[in-house]
Amino acid sequence: MGVAAVDSPDLLDLCVAGDRRAWRDLHAAYRPCALAFLMRLGIGPREAEDACQDVFIQVFRYLHLFERRADFRTWIYKLCISQAARVRRRAALARPLHWLRRAFGDPAAVTLPELSVSRSVELCEGALAALGARHREVFVLFELEELSTDEIARLLGSPSATVRRQLQEARRTFERVVRDQPFGGGR
Amino acid sequence: VKDPVRLLRSGTRAADCLRAYAARTTAGDRSGAAAWHRLQERLEASAHAAPAPLLSRRRWAWSPSRLFALALGLFVLLKLVPSPRGLDDAALVISDGGFAGGGGVEGAGGMEGTGG
């Protein structure tokens with residue numbers, strides 16, 4: 001489920017040297033994984049596009065400072081986690097405003113149900129939403145991005161044992177939510 | 001310590017859900033070119049936005065509205081907030097009994113006379 005491996009060191013060197021084509025290749029190689037990861041962290045599709053762009057702006061600005069001790073993909077994940085936290089904070093600030101708009105009948109603020117969403121995807125989204133932010137990060141990085149717990153620990157700056165415990169808790173919650181929901185229901 | 005087996009490979013209901021979700025959230029390169037152009041536009045715009053020259057930054061820093069706000073702040077600080085020295089002076093005046101109003105208080109004694 002992870003990103004296709006790209007021969008990063010050469011590509012990164014070219015990018016730092018200012019090669020425009022290299023930047024485009026880098027963007028093409030890592031945008032899908034960054035976008036998918038942001039959505040899996042609970043950022044809506046529309047916000048995820050903007051958040052992904054912000055992540056790449058940071059990549060463009062700070063790539064020359066990237067020390068390459070860690071995998072480039074891991075660095076992208078780290079930037080995505082920070083960006084997702086920023087988006088969540090903004091959404092929390094905007095929530096009262098959103099509520100007011102709904103209360104006063106602004107039709108643009110009413111979200112229409114997406115008809116094409118299958119039941120299992122809906123179930124998965126519900127189960128992921130039941131997790132806390134840190135548990136969700138650990139779960140998504142392990143189950144969907146297929147990072148090892150040691151890699152996740154390095155990325156999040158937590159001890160490996162803590163990451164394993166968080167993963168276990170997240171898995172337990174995820175499986176319970178999926179088990180307790182009726183499969184055939186929904187749209 | 002070995003990592004647990006991933007849920008995706010477990011063949012459970014949770015695995016089915018995860019697989020469907022992963023497929024749905026995997027971004028294709030369909031809109032990649034458009035995203036690249038948008039990103040380039042943003043980067044170029046920020047590159048062209050050069051920092052303001054020193055003179056205009058100074059002008060902004062010392063604008064009349066800023067000076068007015070500063071003066072107002074100073075006035076409030078000096079006039080409306082009692083200074084510790086001022087409080088000491090007031091205490092000194094009270095202990096001396098030098099208030100003109102003090103006589104008025106004494107005059108209250110005269111009130112006693114009205115009662116008699």
Side-chain angles (χ1 to χ4, degrees), chain A residues 1 20 23-24 27-29 31-40 45 48-50 52-54 56-57 59-61 116-128 139-140 142-152 160-161 163-164 167-168 171 174-179 181 183, chain B residues 1-61 63 65-66 68-70 72-73 76:
Chain A
M1 229 50 69
R20 214 180 174 85
W23 276 117
R24 195 187 172 129
H27 181 258
R31 180 185 161 270
C33 106
L35 193 59
F37 184 55
L38 283 164
M39 284 201 275
R40 288 166 188 170
E49 277 285 352
D50 292 339
C52 188
Q53 212 176 74
D54 290 336
F56 273 95
I57 284 179
V59 171
F60 277 63
R61 282 196 188 138
S116 61
V117 181
S118 71
R119 179 68 183 144
S120 49
V121 172
E122 199 182 311
L123 264 177
C124 192
E125 276 171 352
L128 286 174
F139 184 84
V140 167
F142 184 79
E143 298 292 350
L144 295 166
E145 307 300 331
E146 302 199 342
L147 261 65
S148 71
T149 51
D150 288 335
E151 283 176 307
I152 298 169
S160 297
V163 168
R164 273 187 217 105
L167 178 65
Q168 266 182 357
R171 281 171 79 143
F174 184 86
E175 286 183 302
R176 182 175 45 77
V177 173
V178 168
R179 199 178 46 237
Q181 295 293 316
F183 219 155
Chain B
V1 184
K2 280 184 90 177
D3 283 349
V5 178
R6 289 194 165 81
L7 268 183
L8 266 174
R9 300 189 185 113
S10 64
T12 57
R13 184 173 160 178
D16 292 338
C17 289
L18 268 177
R19 220 168 285 130
Y21 180 73
R24 192 171 184 273
T25 51
T26 300
D29 51 3
R30 198 160 33 97
S31 53
W36 167 250
H37 286 297
R38 274 201 305 275
L39 182 66
Q40 246 188 336
E41 275 172 20
R42 251 182 91 174
L43 282 167
E44 276 167 17
S46 65
H48 289 313
L54 189 67
L55 191 68
S56 64
R57 267 185 286 160
R58 262 192 202 157
R59 209 175 292 151
W60 174 80
S63 62
S65 60
R66 271 175 169 260
F68 177 72
L70 192 71
L72 194 69
V76 167

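Per chain, numbering begins at 1; letters A, B, ... match sequence-line order. Small disclaimer: the values here were computed from a predicted structure and weren't measured.
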Donor-acceptor contact below 3.5 Å, side chain B/R13 vs main chain A/V178: yes
Salt bridge present between A/D50 and B/R38 (N-O < 4.0 angstrom): no
A/F60 portion near chain B, given a 4.5 angstrom heavy-atom threshold: side chain
Pair A/E143 + B/R9: basic N to acidic O under 4.0 Å: no
Contact winner vs chain B - A/E175, A/R61, A/R171, A/Q168, heavy-atom pairs under 4.5 Å: A/R171
Side chain / backbone / both / neither for A/E49 at chain B, heavy atoms under 4.5 Å: side chain
Under 4.5 Å from any heavy atom of chain B - which part of A/R164: side chain
Minimum heavy-atom distance B/R6-A/S148, with the two atoms named: NH2-N, 4.0 Å
Part of A/L167 lying under 4.5 Å from any heavy atom of chain B: side chain
Structural part of A/R20 lying under 4.5 Å from a heavy atom of chain B: both
Check: B/D3 side chain, A/T149 main-chain N or O, donor-acceptor pair, under 3.5 Å: yes
